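These notes concern the structure reproduced below.
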Amino acid sequence: MTTVKGRPIEEWISEFPDLGPIIHCAPFYWSNPYAVESKKALQGQPLQLEDIQDAEARLKRFAPFISKAYPETANAGGIIESPLKKGDHIKARLETITGQKIPGAFYIKLDSHLPISGSIKARGGIYEVLKHAETLLQEHHLLSEKDDYSKLTEETYRKFFSQYTILVGSTGNLGLSIGVISAKLGFHVIVHMSADAKQWKKDLLRERGVQVVEHPSDYSKAVEQGRKEAENDPKSYFVDDENSTDLFLGYTVAAIRLKKQLEEQAIQVSPEKPLHVYLPCGVGGGPGGVAFGLKVIFGDAVKCYFAEPTHSPCMLIGMMTRLHNEVSVHDFGLDNQTAADGLAVGRASGFVGKVMEPLLEGIYTVSDEQMFRFVAEMVDAEGIHLEPSAVTGLMGPSYVVQNDPKITEEDTHLIWATGGSMVPDEIKEATYQKGVRYKADPDKG
């Protein structure tokens, strides 16, 4: 008999009936019973508005460096930001597929097209590396906050950073963002990649001069190995996707930027006109940081939901049982095998899970078959190619409308598209064609 923490699975299902369909990999929506008013939930949290504003100020200091090092960001003044796009065509397709009308406006936040590394991970990963670089330089009296940070492109600074190592464990996109920016600054970079990581991501990192260590096991083992190596070297710095507050803060800055974009497009957000945000979730850092920032900025006027693969619902199981990182999907018989490599995580971040437990409206799961179909639907409807993990947000509005009778035309739905623009063309085409087959016959994809 399978047991979890000494208790038979049947006992867990008796206490948490929703676990039944979840551990049988059925797509499912879970409304978070632990959520409270955001004002109450944010009291006593380790991070506050001033921390988010400090992170935004740091990114502005680095903007001259970013602009010079990455010319594609020059028009934006070195600010790494993604477009906010109306999604009327994909909304219409979703309504046809699900048979569910979705009242309200429909938008897509294209973090898939963020400069430099083409995913939501560009926010947190790049921010943490930049903060570490700034700290090192200030400790050695090589940089002042009043300086023009564009000088960091000079060889003197690259030589300084070359004596230091940055390590990270990743399923793919975090490794890309960490590797690309660290190598550009001059750091020695080691990325521990799990078995789920796509080969093209490993190849791209190696092309940029990054050392990639491949592991036959899953994400948690890659992180564990990277952490161990850093502990044994005083000149090494480990970017901890599971526990880093700096990584988390880098993601929160998205809320400040989104507020400005919403105002520019005359999209009102208020308790009477709520904003529903759907975020793909792996270990939890990216979606958790974005959702936390949104709650700080908008309070209860924003409603946040995480999307996970049916085979890897680590945040859902951790939050539902309130055990967070003390349990994994493997404990409940799930295999953590999914085409959504960025979400192929067996154990959620305990830090993020506990922070988001009182703030998150709900979590839902999406099958790989649905993801492939949504990849094709997004291309056909909007001309946008996303990774399978990045389309999981699309199922959210239908779930929410089914479970919340208060949704009206005054509401706004925002799908957070987390990655896809850097996928090689041949892989984009193969993924699209697989999605087309699922569109034609869901059983024969």
Side-chain angles (χ1 to χ4, degrees), residues 29-32 35-42 45 49 52-53 56 81-92 94-95 100-112 114 120 123 251-281 284 286-307 355-356 358-364 382 390-418:
Y29 175 82
W30 177 72
S31 181
N32 180 15
V36 299
E37 289 185 359
S38 58
K39 186 175 181 181
K40 179 180 179 182
L42 291 168
Q45 290 278 15
L49 176 60
I52 301 174
Q53 292 170 332
E56 168 73 337
E81 197 42 71
S82 68
L84 178 64
K85 182 184 184 300
K86 201 95 163 55
D88 290 341
H89 301 298
I90 189 63
K91 176 188 176 183
L94 288 171
E95 290 179 329
Q100 175 72 62
K101 179 172 171 53
I102 303 171
F106 202 97
Y107 287 84
I108 308 163
K109 179 63 172 158
L110 290 169
D111 272 11
S112 50
L114 276 170
I120 189 174
R123 298 184 183 282
Y251 296 125
T252 65
V253 171
I256 295 175
R257 309 272 182 79
L258 179 62
K259 182 175 185 291
K260 181 180 178 183
Q261 289 180 318
L262 292 169
E263 290 170 350
E264 289 171 349
Q265 297 194 34
I267 303 167
Q268 295 182 39
V269 179
S270 69
E272 296 75 34
K273 298 181 177 182
L275 173 68
H276 302 267
V277 182
Y278 308 92
L279 294 143
C281 179
V290 171
F292 182 84
L294 290 171
K295 287 288 186 178
V296 170
I297 299 297
F298 293 106
D300 291 324
V302 69
K303 315 292 181 183
C304 296
Y305 313 85
F306 287 172
V355 167
M356 291 308 301
L359 289 165
L360 196 66
E361 270 66 34
I363 304 176
Y364 60 93
E382 303 288 350
V391 296
T392 52
L394 286 169
M395 197 62 203
S398 294
Y399 275 133
V400 169
V401 171
Q402 290 170 28
N403 288 275
D404 186 351
K406 299 188 296 296
I407 304 293
T408 73
E409 293 295 342
E410 297 295 319
D411 293 49
T412 299
H413 303 275
L414 176 56
I415 307 302
W416 212 281
T418 49

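This structure is a prediction, so every number in the text was calculated from the model and none was measured.
Of the listed residues (Leu360, Leu275, Leu414, Leu359), just one forms a side-chain contact (heavy atoms from CB on, under 4.5 Å) with Cys304, and that residue is Leu360.
Listed by first then second residue, pairs satisfying side-chain hydrogen bond (donor to acceptor under 3.5 Å, both in side chains) with a partner in residues 290-307 read Ser38-Asp300, His276-Tyr305, Lys295-Glu361, not counting sequence neighbours. The list of side-chain hydrogen bond (donor to acceptor under 3.5 Å, both in side chains) pairs with a residue in residues 391-400, not counting sequence neighbours, reads Thr98-Ser398. Within the structure, salt bridge (charged side-chain N to carboxylate O under 4.0 Å, His left out) contacts touching residues 262-272 (residues at least two apart or in different chains) are Lys259-Glu263.
A search for salt bridge (Lys or Arg N to Asp or Glu O under 4.0 Å) contacts involving Lys40 returns nothing, not counting sequence neighbours. With sequence neighbours left out, Glu56 forms a salt bridge (Lys or Arg N to Asp or Glu O under 4.0 Å) with Arg257. With sequence neighbours excluded, the residues satisfying side chain to side chain contact (heavy atoms under 4.5 Å, CB included) with Glu95 are Lys91, Lys101, Ile102.
In this structure, the side chains of Leu114 and Asp111 come closer than 4.5 Å at one or more pairs of heavy atoms. Two residues are said to be in side-chain contact when any heavy atoms from C-beta on lie closer than 4.5 Å; Asp411 and Pro103 fail this criterion. Counting only heavy atoms from C-beta outward, the side chains of Ser82 and Arg123 approach each other to under 4.5 Å. Using a 4.5 Å heavy-atom threshold, the side chains of Leu42 and Phe292 count as touching.
With a 6.0 Å radius and a threshold of 12 heavy atoms from other residues, nucleotides or ligands, Gln402 has its CD atom above the threshold. Applying the 6.0 Å contact sphere to CD of Gln100 captures more than 12 heavy atoms from other residues, nucleotides or ligands.
Taking every heavy atom of both residues into account, Ala291 and Met356 meet most closely at CB-CE, 3.6 Å. Closest approach of Gly393 and Pro397 over heavy atoms only: O-CD, 3.6 Å. In terms of heavy atoms, Phe306 sits closest to Pro287 at CE2-CB, 3.5 Å. Between Gly87 and Ile108 the shortest heavy-atom distance is CA-CD1, 4.1 Å. In this structure, Pro358 and Gln45 approach most closely via the heavy-atom pair CG-NE2, 4.4 Å. Scanning all heavy atoms of the two residues, the minimum distance from Ala254 to Trp416 falls at CB-CZ2, 4.0 Å.
Between Glu382 and Lys86 no salt bridge is recorded (no basic side-chain N to carboxylate O distance below 4.0 Å).
Interatomic distance, CD1 of Ile297 versus CD1 of Ile52, reported as 5.5 Å (0.5 Å rounding). Taking CD1 of Ile363 as the start and OH of Tyr29 as the end, the distance is 9.5 Å to the nearest 0.5 Å.
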Exercise. In sequence, state the C-alpha distance, the side-chain angles, and the governing distance for Leu262 and Leu84, and then conclude on side chain to side chain contact (heavy atoms under 4.5 Å, CB included).
Key: CA-CA 8 Å; Leu262 292 169; Leu84 178 64; 3.9 Å; yes
